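Working notes for the structure below.
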Amino acid sequence: MRSIRIAVVVLVAAASVAGCRRGVGVSPGAPVFLISVDTLRADHLPLYGYTAVETPNLDRFAKDAIVFDNAVSHVPLTLPSHASLFTGLLPFQHGVRDNLGYRLAKSQETLATFLKKNGYATGAAVSAVVLDHGSGIAEGFDFYEDSIESRQTAEAIGRVQRPGDQTEKLLEDWIEKQRTGSPLFAFLHLYEPHAPYEPPEPFRTRYAARPYDGEIAAADAIVGRFLDFLKRKKLYESALVVFLSDHGEGLGDHGEDEHGLLLYRESIWVPLMVKLPGAALAGKRVSRPAEIADVFPTVAAVVGRPLPPRLGGLSLVALARSGENRRIYSETLYPRFHFGWSDLAALTDDRYQYIEAPRPELYDWKNDPGEKKDLASGLPPPFRTMRLELSKIQRPMQSPGAEDPETVKKLASLGYIGVAAPAADRKDLPDPKDRIATIDRLKDSARLVSQHRDDEAIALLENLTRENPLMLDGWETLARVLRRAGRTKEAVAALEQADRLTPGTPQLMLGLAGLNREAGNLTKAQSLAEAALAAGGQGAEEEL
């Protein structure tokens, strides 16, 4: 089924280049700008009917762009979603299945390497450490600004970020240095709507009761500054500008406050706008399903270059003019590898969403946008056809950890050979929707940590990990709090438990290297740092 779909899509994508020539026109060498605002759910923008926040810059941009009303993320996590954005592949094709324990392989051609090969200068600035050089997303960029430092010792990797206005200014500075008239590709990544929601003034006061919306308003202001800069530089009119988010945010709609565990609409429906050179098709609204993997073939079509093989998406230009009512694939392995619960997969079309889980679900999201009425028990035709289609997609399970032969050889010296993530092949794992209350306890521990009530946080985390021994996030958080409390040997033991769940993960090896150095185990610290460096760990040199 998947191979047939890819063959059809390739034909459509090839035709889209010709269609682009006939209609909106191919623009060889056109500037390409990609703006990703992390964790921005579509239904919290006025553009999609929301009235509780003001986004004047995005509203103005939408008048110049094609607006996609049903754009779907392939995974509600930053790194794997951006891997799909930059490769045009689904997660099981590019192999990046989670934020932790994975790196985009150098063998994967990215949008940056594709454009660089075609004569473009390539630059990016990102706002979160999860997209640093060690993620592999930097491949193909001449300039990649990711110098982001943690503000506190007990901060989780997903929280390590910098203000988007700083990121935007760094990208502006790089663009200023480029030769006038030369082909240019720039990627701006903002992290403002991601938790914790701490919008700057005046948005902090204006949206005091809705800080998530305040962060959206702050992101809108930054995007507006960047677009105004492009206009001043005479780059905007002739450019292809793509605006999107990587995934949404739960906000408690189905019990999940943030994202990663569940695949309901609030987590995978994302805004997507495409401004073509000369603002062709400006203001057009498209209801047909779009996906994040469509961005790569769209860029290729607009700049008039042949697509790399294996891409599974469509040109959004072709989709705006006509196109199939296809079903978009989404997944999350986060509950499996972080909590020892079942992974989930989904298909979404122009009306229904099917979620594959220990207890599968079906929603008519068009008539039930909040997805409150599960239709699965009645076994309606969409349930049967979507379940069958999903079952025919070959989805290999790539476990977290190192795969490079040299890295594996280094890990062998540390006793990693034969060790695999214990949840990797299990079929009997709990349904995540039945375990949401456990997340509340993990959040309670984070609240205690933020209040520096470390002893209480440690006690809570010890109980949590005792009851849920496969909970990676519990062990990793416990290790960080124990370290801050000066209980280094216990911190080493806790982080070793996390490391056993995702063996060979660079971030965990680096943490273990630092802890062993603090504990006086210098030889082991050196070996761990070397292994982390071999696995692409950012900052490993500092531990050597």
Side-chain angles (χ1 to χ4, degrees), residues 99-101 103 128-130 132-135 146-162 338 400-402 407 410-416 419 421 442 445-466 469 471-544:
N99 286 339
L100 193 66
R103 174 190 171 92
V129 74
V130 73
D132 69 10
H133 273 80
S135 69
D146 63 349
S147 55
I148 305 161
E149 295 184 0
S150 178
R151 294 168 294 179
Q152 49 185 301
T153 58
E155 191 168 30
I157 185 174
R159 294 288 202 264
V160 183
Q161 58 180 294
R162 68 174 162 204
H338 287 254
T407 304
K410 187 66 186 177
L411 295 176
S413 68
L414 296 170
Y416 280 102
V419 178
L442 192 61
S445 73
R447 176 180 52 80
L448 293 170
V449 169
S450 68
Q451 297 170 353
H452 291 269
R453 296 161 63 184
D454 290 352
D455 289 344
E456 294 174 70
I458 290 168
L460 176 55
L461 287 163
E462 286 177 338
N463 286 331
L464 202 54
T465 51
R466 189 179 305 113
M471 187 181 285
L472 171 67
D473 286 27
W475 288 113
E476 194 266 341
T477 304
L478 177 59
R480 285 189 283 108
V481 185
L482 286 166
R483 183 179 192 177
R484 189 170 73 175
R487 296 161 61 175
T488 306
K489 290 184 178 180
E490 293 171 81
V492 169
L495 200 57
E496 285 177 343
Q497 289 287 349
D499 184 55
R500 291 186 185 100
L501 297 176
T502 55
T505 300
Q507 297 96 323
L508 295 182
M509 288 191 291
L510 273 177
L512 279 171
L515 283 170
N516 275 281
R517 191 173 301 282
E518 291 173 19
N521 305 324
L522 302 184
T523 301
K524 189 170 184 179
Q526 176 82 8
S527 297
L528 284 159
E530 290 173 358
L533 181 63
Q538 189 78 348
E541 299 90 344
E542 298 172 11
E543 293 290 345
L544 292 172

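Along the sequence shown, residues carry numbers from 1. Since the model is a prediction, treat every value here as computed from it, not as a measurement. Note: hydrogens, waters and symmetry copies are ignored here, and every other heavy atom, side chains too, is used.
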To the nearest 0.5 Å, what is the distance between [atom1] ([X]) and [atom2] ([Y])?
| X | Y | atom1 | atom2 | result |
| --- | --- | --- | --- | --- |
| R484 | I458 | CZ | CD1 | 9.0 Å |
| L495 | T488 | CG | OG1 | 12.0 Å |
| L528 | L508 | CG | CG | 10.5 Å |
| R500 | L472 | CZ | CG | 13.0 Å |
| N99 | H338 | CG | NE2 | 7.0 Å |
| S527 | L512 | OG | CG | 12.0 Å |

Output yes when a side-chain donor or acceptor of [X] lies under 3.5 Å from a complementary backbone atom of [Y], and no otherwise.
| X | Y | value |
| --- | --- | --- |
| R103 | G134 | yes |
| W475 | P469 | yes |
| N516 | K524 | no |
| S445 | L442 | yes |

Are R447 and S450 linked by a side-chain donor-acceptor pair shorter than 3.5 Å? no
Check whether any side-chain heavy atom of R483 lies under 4.5 Å from a side-chain heavy atom of E518, and answer yes or no. yes
Measure the shortest side-chain to side-chain distance between D146 and V129 over non-hydrogen atoms and say whether it is less than 4.5 angstrom. no
Taking side chain to side chain donor-acceptor pair (under 3.5 Å) as the test, write out the residues that go with Q497, two or more places apart. none
Heavy-atom closest pair, residues [X] and [Y]:
| X | Y | result |
| --- | --- | --- |
| A513 | A529 | CB-N, 3.9 Å |
| S135 | V130 | CB-O, 3.6 Å |
| D499 | M509 | OD1-CG, 4.4 Å |
| G474 | L461 | O-CD2, 4.1 Å |

